Amino acid sequence: MESTLKELTNGESVLDIKDKCGVAGGVEDIYGEDRATEDQTITPWTFSVASGYSLLRDPHYNKGLAFTEAERDAHYLRGLLPPTVSSQQLQEKKVMHNLRQYQVPLQRYMAMMDLQERNERLFYKLLIDNVEELLPVVYTPTVGEACQKYGGIFRRPQGLFISLKEKGKILEVLKNWPEKSIQVIVVTDGERILGLGDLGCQGMGIPVGKLSLYTALGGVRPSVCLPITIDVGTNNQKLLDDEFYIGLKQKRATGQEYAELLEEFMSAVKQNYGEKVLIQFEDFANHNAFELLAKYRTTHLVFNDDIQGTASVVLAGLIASLKLLGGTLADHTFLFLGAGEAGTGIAELIALEITRKTSVPLEEARKKIWLVDSKGLIVSSRVESLQHFKKPWAHDHEPVKELIDAVKAIKPTVLIGTSGVGKTFTKEVVEAMASLNPKPLIMALSNPTSQAECTAEEAYTWSKGHAIFASGSPFDPVEFEGRTFVSGQANNAYVFPGFGLGIIMSGTIRVHDDMLLAASEALASEVTEDDYLKGRIYPPFTNIRKISAHIAAEVAAKAYELGLATRLPRPSDLVKYAESCMYTPLYRSYR
């Protein structure tokens, strides 16, 4: 791990950084979290210098058996630890051995959360060094089960819970959080958790998981991250009847009551943390997600991962796939199953990219993209009954009810599933795609795995090995007729961590669509010839920190170009600057 970190900076100092204590967006690095300060000794402050028993209970500073003999003397640890002194590498080996003994994914998830609350640096070192193995544990698909059972496994608060009880006092609640220099907030109201529906207050697992990925994959300091759940009730009767449910036991607030609570929250966040705090909306229901993004995108630094993050990741896969499919985006026809946040967000970003590359009007570019919702193909004869975000996709065509009939009528080259309904890409649908295209691109994006429109094995088998396949949740490699297919995972974790880092390090004040396009193109450029030979249209997660640094650099470059960045002067080498800002989990030496 240490050699990898050194390799990223080529063993050199970052010459254009003068303030080594505040490289990440100008916030002082009090915990010694950034790569630029990793050779400096630090003082383990809490309200006073942490020592003895309190030091072992502080996850920011606790090193367990890795405290040196000198540190044990200086900080009154003698007798509180066994006599052996361990290395962080040995600790990592031991924890990974223990994790692999668990047969149930939720047990691994709980063990990882316990580690995060006990020894933060070791948690992130494990996650960074074993990202492909542990990403499905701390995030999808296991986080879905964790949210469903959150009331039963809840132990210690990992973020802020803001409910209707706190209306009129949200600013005071924000001040209760111990960290004052927050740069990224991930917030949910729990109404549409993955493909699992309304989980109310128990949706907190999503912001917690997302922010752990901001740190592990994007290098954003954990101390500047804040998970928040806004609890306005739940319409999930099973939860309301559950004696262990930890949220408000009432039906969801809607309308003016809901809007007023969100308005107070957004105002309080800006008042408490300033103009440049990134607020990521996560797993809000469609009607609220679009309204909140439209309402606040011009006044706050906001980002909706379900709409914009998913779109950026999928667009990256589409751009990368052109090397296998041939042609340009404008040469292809896209059919979506699902017309909610993800579907319409992806469709709009595809249309924007086509417009940028061909100069055709946006309305014309949209005609290459068709969407199917629960009532069938979205066509112009349905326009009066459509929700506002679906109307741009109502094209002239006779009504079509079933997906298979839409495939036969539209003849798409790309089929994308964002429906949240499993097993909807049937054998008949996949065979139809294969009969229409020599290399059909099939993307089953719904999470968790149980909600995927089809599996990797089904896509490859039913298409007789001709399909290019990607999914939202991971699938194992598939053997078919002597060939091994490795499917790509269109996971938002490719983009949002690096995207957030780029925003923070440049001091960006608003998110612009061109920044999303820049992130997509940066990710697509990371796919290698070896990946293409395996059928992948996304790079492996093992390289995610380098990928995130390049995405951050491209996002920051676009922000400077658009005049949205406030950190001046612009660093001369944005990639090096991004790498220097990234959190490193290596233990520090204590004075």
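Fair warning: this is a prediction, and the values are worked out from it, not measured in the lab. When a residue number appears, it is its place in the shown sequence, counting from 1.
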The complete set of salt bridge (charged side-chain N to carboxylate O under 4.0 Å, His left out) pairs with one or both residues in residues 369-388, sequence neighbours excluded, reads Asp373-Arg382, Asp373-Lys390

> What's the verdict on side chain to side chain donor-acceptor pair (under 3.5 Å) for Tyr31 and Glu179, showing C-alpha distance, side-chain angles and the deciding distance?
Replying inline: CA-CA 11 Å; Tyr31 292 116; Glu179 303 293 348; 2.6 Å; yes

Is the gap between the ring centers of Phe541 and Tyr494 under 6.0 Å?
yes

Q | Any side-chain heavy-atom pair of Val511 and Arg297 under 4.5 Å | A | no

In terms of heavy-atom contacts, Ala339 and Thr344 come closest through O-CG2, 3.6 Å

Does atom CD of Glu457 have more than 12 heavy-atom neighbours, drawn from other residues, nucleotides or ligands, at distances under 6.0 Å?
-> no

Between Gly200 and Leu239, the two heavy atoms sitting closest are N-CD1, 4.3 Å

Applied to residues 222-231, the side chain to side chain donor-acceptor pair (under 3.5 Å) test, sequence neighbours excluded, yields Glu33-Ser223

By side-chain contact (heavy atoms from CB on, under 4.5 Å), Met110 pairs with (sequence neighbours left out) Leu106, Ile153, Arg155

Across all chains, not counting sequence neighbours, the side-chain contact (heavy atoms from CB on, under 4.5 Å) partners of Lys238 are Asn236

His395 meets the ring pair (Phe, Tyr, Trp, His ring centres under 6.0 Å) criterion, sequence neighbours left out, with Trp370

_Please check this pair: side chain of Gln489 against backbone of Gly472, looking for a donor-acceptor N/O pair closer than 3.5 Å._
yes

Handout entry: Non-hydrogen side-chain atoms of Leu99 and Leu134 separated by less than 4.5 Å
Key = yes

Residues pairing under side chain to side chain donor-acceptor pair (under 3.5 Å) where one sits in residues 418-431, two or more places apart or in two chains, turn out to be Ser419-Glu453, Lys423-Glu458

Problem - Parallel, tilted or perpendicular: ring planes of Phe154 versus Tyr150, cut at 30 and 60 degrees - result: tilted

Worksheet item: What do you reckon, is NZ of Lys94 surrounded by more than 12 foreign heavy atoms closer than 6.0 Å?
Response: no

Heavy atoms of Tyr102 and Ala111 approach each other most closely as CE1-CB, 3.8 Å

Separation between CD1 (Ile185) and CZ (Phe281), nearest 0.5 Å, reads 10.0 Å

Margin query: Would you say that Phe469 contacts Cys454 through its side chain, given a criterion of any heavy-atom pair below 4.5 Å between the two side chains?
Written below: yes

The complete set of salt bridge (charged side-chain N to carboxylate O under 4.0 Å, His left out) pairs with one or both residues in residues 342-351, sequence neighbours excluded, reads Glu348-Arg366

Main chain of Glu257, side chain of Glu260: is a donor-acceptor contact present, judged purely on distance under 3.5 Å?
no

Rounding to 0.5 Å, atoms OH (Tyr124) and CG (Leu115) come to a distance of 10.5 Å

Thr449 meets the side-chain contact (heavy atoms from CB on, under 4.5 Å) criterion, sequence neighbours left out, with Pro141, Ser473, Phe475

Any donor-acceptor pair under 3.5 Å linking the side chain of Tyr245 with the backbone of Gln202?
no

Sequence neighbours excluded, the answer for side-chain hydrogen bond (donor to acceptor under 3.5 Å, both in side chains) partners of Asp241 is Gln237

- Message: Can you confirm whether Arg252 sits close enough to Asp189 that some side-chain heavy atom of one is under 4.5 Å from a side-chain heavy atom of the other?
- Response: yes

Residue set satisfying side-chain hydrogen bond (donor to acceptor under 3.5 Å, both in side chains) with Ser381, at least two apart, ordered chain then number -> none

Side chains of Ser267 and Glu264: do they bring a donor and an acceptor to under 3.5 Å? no

What one should report as the nearest heavy-atom pair of Leu516 and Ser312 is O-OG, 3.1 Å

Val407 and Met433 have their tightest heavy-atom pair at CG1-SD, 4.0 Å

With sequence neighbours left out, the residues meeting side-chain hydrogen bond (donor to acceptor under 3.5 Å, both in side chains) with Ser548 are none

Residue set satisfying side-chain contact (heavy atoms from CB on, under 4.5 Å) with Asp305, at least two apart, ordered chain then number -> Lys210, Gln280, Glu282, Phe303, Asn492, Phe496

Between Leu261 and Ser163 the two heavy atoms that sit nearest each other are CD1-O, 4.2 Å

Heavy-atom check, side chain of Asp306 versus side chain of Phe284, under 4.5 Å: no

Could you check whether atom NE2 of His388 has more than 12 heavy atoms from other residues, nucleotides or ligands sitting under 6.0 Å from it?
yes

When rounded to the nearest 0.5 Å, the distance separating OG1 of Thr188 from CD1 of Ile228 is 11.5 Å

From the list Ile279, Val277, Ile503, side-chain contact (heavy atoms from CB on, under 4.5 Å) partner of Leu301 resolves to Ile503

Output for pair (Leu445 CG, Ile346 CD1), nearest 0.5 Å, gives 5.5 Å

